[in-house]
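What you see is a predicted model; the values in this text were computed from it and never measured.
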Amino acid sequence: MSKSKDAAATSVVLKYLNDQNRPYSAQDVFGNLQKEHGLGKTAVVKALEQLAQQGQLKEKVYGKQKIYFADQDQFSAVSDSDLKRLDSQISELSTKVQSVQQSCRQMDSGLHCICCSVILRYFFVDLALLIRLFGEPIL
């Protein structure tokens, strides 16, 4: 592979891992970048190993498996007040989600009742038509 393609693969892999900010194996990175960027598995593995050697990524070995992740030192630290603010936003959004889900359940049950009443109405229309055609049923 040419040096320009190696550099391109390296930059794509580094950007991907920094953007995702979670650990991935070489197979996962390859699978996630293959369709979008057309990178081969060998190129991805070489890029990951090169970035780990340069210190731009961290690498951990679990048995035969290597896991790569972004170096956390490059990200700014989050203050306690920011964490509390994010926690409160999460709580608010969770409450909204529960409210919307409850509304959806109520609307779904209302729709079910409407569908049942329409089906029942057609049943009585059909029954009336049958009575007109064949007379009163014998019970």
Exercise. Could you give me the CA-CA distance, side-chain angles and deciding distance for Thr42 and Lys46, then say whether side chain to side chain contact (heavy atoms under 4.5 Å, CB included) is met?
Key: CA-CA 6 Å; Thr42 305; Lys46 284 182 183 179; 3.8 Å; yes

Exercise. Work out which heavy atom in Arg22 is nearest to a heavy atom in Leu17; give both atom names and the distance.
Key: O-CD2, 4.2 Å

Quiz item: Does the side chain to side chain contact (heavy atoms under 4.5 Å, CB included) test come out yes or no for Asp108 and Arg105, once each step is laid out?
Solution: CA-CA 5 Å; Asp108 191 41; Arg105 282 191 290 272; 5.6 Å; no

Quiz item: Does Gln98 use its side chain to pair, donor to acceptor, with the backbone of Thr95 at less than 3.5 Å?
Solution: no

Practice problem: May I ask you to check whether Lys58 and Gln72 show a side-chain donor-acceptor distance below 3.5 Å? | Solution: no

Quiz item: With a 4.5 Å heavy-atom cut-off, do Phe30 and Leu39 have their side chains touching?
Solution: no

Quiz prompt | Neighbour count >12 (heavy atoms, 6.0 Å) for atom CD, Glu36 | solution = no

Quiz prompt | For the student: nearest non-hydrogen atoms of Phe69 and Lys60, plus distance | solution = CE2-CG, 3.8 Å

Quiz item: Are the side chains of Leu33 and Val13 in touch, meaning some heavy atoms are under 4.5 Å apart?
Solution: yes

Quiz item: Minimum heavy-atom separation for Ser11 to Ala8, with atom names?
Solution: OG-O, 2.9 Å

Practice problem: Evaluate the criterion side chain to side chain contact (heavy atoms under 4.5 Å, CB included) for residue pair Leu51 and Glu49; output intermediate values, then yes/no. | Solution: CA-CA 6 Å; Leu51 289 166; Glu49 289 176 355; over 6 Å; no

Quiz item: With a 3.5 Å cut-off and no angle check, do the side chains of Asn18 and Gln56 form a donor-acceptor pair?
Solution: no

Practice problem: Would you check if Ser103 and Val100 make a side-chain contact, meaning some heavy-atom pair closer than 4.5 Å? | Solution: no

Quiz item: At their closest point, which heavy atom of Ala52 faces which heavy atom of Tyr68, and how far apart are they?
Solution: CB-CE2, 4.2 Å

Self-check item: Separation of Gln74 CD from Leu57 CG (nearest 0.5 Å)
Solution: 8.5 Å

Quiz prompt | Closest contact, heavy atoms only, Asp71 versus Gly55 | solution = OD2-O, 3.9 Å

Practice problem: Indicate yes or no: at least one non-hydrogen side-chain atom of Gln89 is less than 4.5 angstrom from one of Leu86. | Solution: yes

Self-check item: Residues Tyr24, Leu48; criterion side chain to side chain contact (heavy atoms under 4.5 Å, CB included); working and verdict
Solution: CA-CA 10 Å; Tyr24 283 103; Leu48 288 168; over 6 Å; no

Quiz item: If every non-hydrogen atom of Ile67 is compared with every non-hydrogen atom of Pro23, which pair is closest and at what distance?
Solution: CG2-CB, 3.4 Å

Self-check item: From Gln27 atom CD to Lys66 atom NZ, the distance as rounded to the nearest 0.5 Å
Solution: 15.0 Å

Quiz prompt | Between SG on residue Cys104 and CD on residue Gln101, distance to nearest 0.5 Å | solution = 7.5 Å

Exercise. Salt-bridge test for Asp87 and Lys84: reply yes if a basic N is under 4.0 Å from a carboxylate O, no otherwise.
Key: no

